[in-house]
Engineer: 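Can you read through this structure? Questions will come right after.
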Amino acid sequence: MSDPYARLSLNTMTTKSWTLREAVEATAAAGLPAIGLWRDRVAEAGVDDAAKIVRDHGLRVSSLCRGGFLTGLHDGDTALADNRRAIDEAATLGAPELIMVAGGVPDRDLPGARARLADRIAELVPYAAQRDVRLALEPLHPMFCADRAVISTLGQALELAAPHPAESVGVVVDTFHIWWDPELAQRVADAGAAGRISSYQICDWLVPMAADPLVSRGMMGDGVIDFGAITAMVAAAGYAGDVEVEIFNEAVWATEGHTVLETMKSRYRDMVLPAL
């Protein structure tokens with residue numbers, strides 16, 4: 001019988017209280033093959049030590065979070081330098097994808113912010129390509145457009161990626177951010193046809209939301225998202241990579257990490273795996 005968890009990845013944000021070593025050890029012990037890393041945990045361990053810890057436990061890195069925040073008015077050089085460091089970290093860690101969160105609107109000029117984003121992505125592409133790292137553009141729900149991401153749909157992300165080779169720039173399908181999109185099925189199909197699906201990240205949309213929307217992501221099954229339907233779209237589009245569980249939620253963070261892992265495995269097996 002094939003391993004039901006052969007594509008399941010724990011994103012370190014889901015078990016926020018764990019150090020990188022704790023997260024890696026628990027992920028391996030739980031029988032998962034992959035881990036998605038956030039740069040804060042990598043920095044605490046040191047990138048070389050972090051890479052060794054992951055390798056020593058036989059895991060692969062599904063993605064590194066995050067680069068981006070490229071829309072500022074006066075900090076372009078600083079932002080580009082930080083993104084180059086993130087690309088270098090991804091290469092050292094063996095992470096094939098660097099998740100890119102675009103950045104928000106520093107003034108009232110949304111088209112200007114999007115133009116700066118496009119220009120700066122274009123500057124980073126050759127650097128990333130030389131290091132075999134793909135820039136994975138993540139659209140965020142429109143409520144985050146002002147402060148976090150001026151791309152809100154897969155369609156926008158694909159337009160931004162289009163001038164660049166598919167092996168250099170991809171897009172992220174994150175259920176929390178895109179479940180509502182009336183064009184979702186077509187855009188997932190488009191992304192698959194173009195070979196641009198970099199990552200499939202899952203968590204649920206809670207009702208009611210938390211007071212802070214940023215930490216309103218829920219465990220699969222605790223909200224309104226149809227994971228079977230979206231997973232079927234992603235599978236039909238040809239995506240064969242890892243499925244990352246990435247949850248920002250105070251109650252989940254306060255729960256013992258091994259309990260979170262076991263719940264995550266159970267919900268994945270019941271709600272996601274049948275459609276893969």
Side-chain angles (χ1 to χ4, degrees), residues 9-20 23 35-44 62-72 75 79 82-83 86 97-108 110 113-114 117 135-154 156-157 171-181 184 198-225 227 230 243-257 259-261 263-264 267:
S9 176
L10 170 72
N11 184 289
T12 57
M13 188 58 75
T14 302
T15 51
K16 188 179 180 182
S17 66
W18 276 346
T19 65
L20 182 136
I35 190 163
L37 302 177
W38 270 69
R39 292 178 70 197
D40 57 347
R41 291 291 170 265
V42 172
E44 289 170 2
S62 50
S63 72
L64 178 65
C65 292
R66 56 179 161 64
F69 285 85
L70 292 166
T71 56
D75 63 349
D82 183 62
N83 275 269
E97 313 283 349
L98 175 64
I99 307 296
M100 303 290 288
V101 176
V105 185
D107 50 10
R108 292 180 175 84
L110 179 55
R114 289 174 172 153
L117 172 64
L135 305 180
L137 307 178
E138 182 171 17
L140 267 56
H141 189 280
M143 66 181 169
F144 296 116
C145 185
D147 62 341
R148 291 184 180 274
V150 295
I151 51 174
S152 303
T153 66
L154 275 178
Q156 287 177 302
V171 299
V172 179
V173 179
D174 183 320
T175 56
F176 180 81
H177 293 302
I178 51 77
W179 68 275
W180 58 274
D181 187 348
L184 182 59
S198 284
S199 177
Y200 181 36
Q201 296 182 330
I202 58 173
C203 69
D204 218 334
W205 181 282
L206 299 177
V207 178
M209 296 194 77
D212 179 0
L214 186 64
V215 294
S216 196
R217 294 170 172 238
M219 185 65 72
M220 297 80 71
D222 288 352
V224 301
I225 294 177
F227 290 95
I230 298 178
V243 181
E244 269 187 32
V245 177
E246 183 188 49
I247 300 174
F248 294 58
N249 182 295
E250 299 282 358
V252 171
W253 290 340
T255 302
E256 200 278 325
T259 300
V260 172
L261 261 176
T263 302
M264 178 182 111
R267 302 288 180 87

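Just so it is clear, the values below take in all heavy atoms, side chains as well, and ignore hydrogens, waters and symmetry mates. We're numbering straight along the sequence, starting at 1.
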Engineer: What pairs with Arg267 under salt bridge (Lys or Arg N to Asp or Glu O under 4.0 Å), at least two apart in sequence or on another chain?
Structural biologist: Asp222
Engineer: Can you tell me how far the CD atom of Glu44 sits from the OG1 atom of Thr19, to the nearest 0.5 Å?
Structural biologist: 8.0 Å
Engineer: Applying salt bridge (Lys or Arg N to Asp or Glu O under 4.0 Å) as the test, list every pair that has at least one member in residues 198-211; sequence neighbours left out.
Structural biologist: none
Engineer: Only counting residues at least two apart or in another chain, list the ones meeting ring-ring contact (aromatic ring centres under 6.0 Å, His included) with Trp253.
Structural biologist: none
Engineer: Under the side chain to side chain contact (heavy atoms under 4.5 Å, CB included) test, which residues partner Ser17, sequence neighbours left out?
Structural biologist: none
Engineer: Quick check against the 3.5 Å criterion: does Ser62 have a side-chain atom that pairs as donor or acceptor with the backbone of Ser9?
Structural biologist: no
Engineer: Give, for atom CG of Leu261 and atom CD of Glu256, the distance between the pair rounded to the nearest 0.5 Å.
Structural biologist: 9.0 Å
Engineer: Using salt bridge (Lys or Arg N to Asp or Glu O under 4.0 Å) as the criterion, list what pairs up with Glu250, not counting sequence neighbours.
Structural biologist: none
Engineer: Taking atom OG1 of Thr263 and atom CE of Met220, what is their separation to the nearest 0.5 Å?
Structural biologist: 9.5 Å
Engineer: Residues two or more places apart in sequence or in another chain: which of them pass ring-ring contact (aromatic ring centres under 6.0 Å, His included) with Phe248?
Structural biologist: Trp38
Engineer: Extract all donor-acceptor atom pairs below 3.5 Å that involve side chains of residues 135-151 and protein atoms in other chains or at least two apart in sequence.
Structural biologist:
{"from": "His141", "atom 1": "ND1", "to": "Met143", "atom 2": "N", "distance (Å)": "3.1"}

Engineer: Go through Ile202 and Val243 one step at a time and tell me if the side chain to side chain contact (heavy atoms under 4.5 Å, CB included) criterion holds.
Structural biologist: CA-CA 7 Å; Ile202 58 173; Val243 181; 3.7 Å; yes
Engineer: Is the side chain of Thr255 donor-acceptor paired with the backbone N or O of Ala251 at a distance under 3.5 Å, no angle test?
Structural biologist: yes
Engineer: Indicate yes or no for a side-chain donor-acceptor contact from Ser198 to the backbone of Val172 under 3.5 Å, with no hydrogens or angles considered.
Structural biologist: no
Engineer: Picking from Val173, Asp174, Val245, what satisfies side chain to side chain contact (heavy atoms under 4.5 Å, CB included) with Gln201?
Structural biologist: Asp174
Engineer: Contact between Lys16 and Val252 at the side-chain level, heavy atoms closer than 4.5 Å - yes or no?
Structural biologist: no
Engineer: Which heavy-atom pair separates Asn11 from Cys65 by the least distance, and what is that distance?
Structural biologist: ND2-SG, 3.9 Å
Engineer: State the OG1-CD1 distance between Thr175 and Ile225, to the nearest 0.5 angstrom.
Structural biologist: 4.0 Å
Engineer: Return the set of residues passing salt bridge (Lys or Arg N to Asp or Glu O under 4.0 Å) with Asp82 (not counting sequence neighbours), or none when no residue passes.
Structural biologist: Arg39, Arg85
Engineer: Identify the two heavy atoms, one from Thr15 and one from Ala23, that lie closest to each other, and give their separation to 0.1 Å.
Structural biologist: OG1-CB, 4.5 Å
Engineer: On a heavy-atom basis, which atom in Trp180 and which in His177 lie closest, and how many Å separate them?
Structural biologist: NE1-O, 2.6 Å
Engineer: Is it true that a side-chain atom of Thr14 and a backbone atom of Ile247 form a donor plus acceptor pair closer than 3.5 Å?
Structural biologist: yes
Engineer: Taking all atoms of both residues into account, what is the closest heavy-atom pair of Phe176 and Cys203, and its distance?
Structural biologist: CB-SG, 3.6 Å
Engineer: Sequence neighbours left out, cut at 3.5 Å: what donor-acceptor pairs do the side chains of residues 98-105 make with other protein atoms?
Structural biologist:
none

Engineer: Can you tell me how far apart CE (Met264) and CG (Leu10) are? Round to the nearest 0.5 Å.
Structural biologist: 4.5 Å
Engineer: What is the distance from atom CD of Gln156 to atom CG of Asp181, rounded to the nearest 0.5 Å?
Structural biologist: 9.5 Å
Engineer: Can you list the residues that meet the salt bridge (Lys or Arg N to Asp or Glu O under 4.0 Å) rule with Glu246, with sequence neighbours excluded?
Structural biologist: Arg217
Engineer: With sequence neighbours excluded, what pairs up with Ser63 under the side-chain hydrogen bond (donor to acceptor under 3.5 Å, both in side chains) test?
Structural biologist: Glu244
Engineer: Of all residues at least two apart in sequence or in a different chain, which pass the ring-ring contact (aromatic ring centres under 6.0 Å, His included) check with Tyr200?
Structural biologist: none
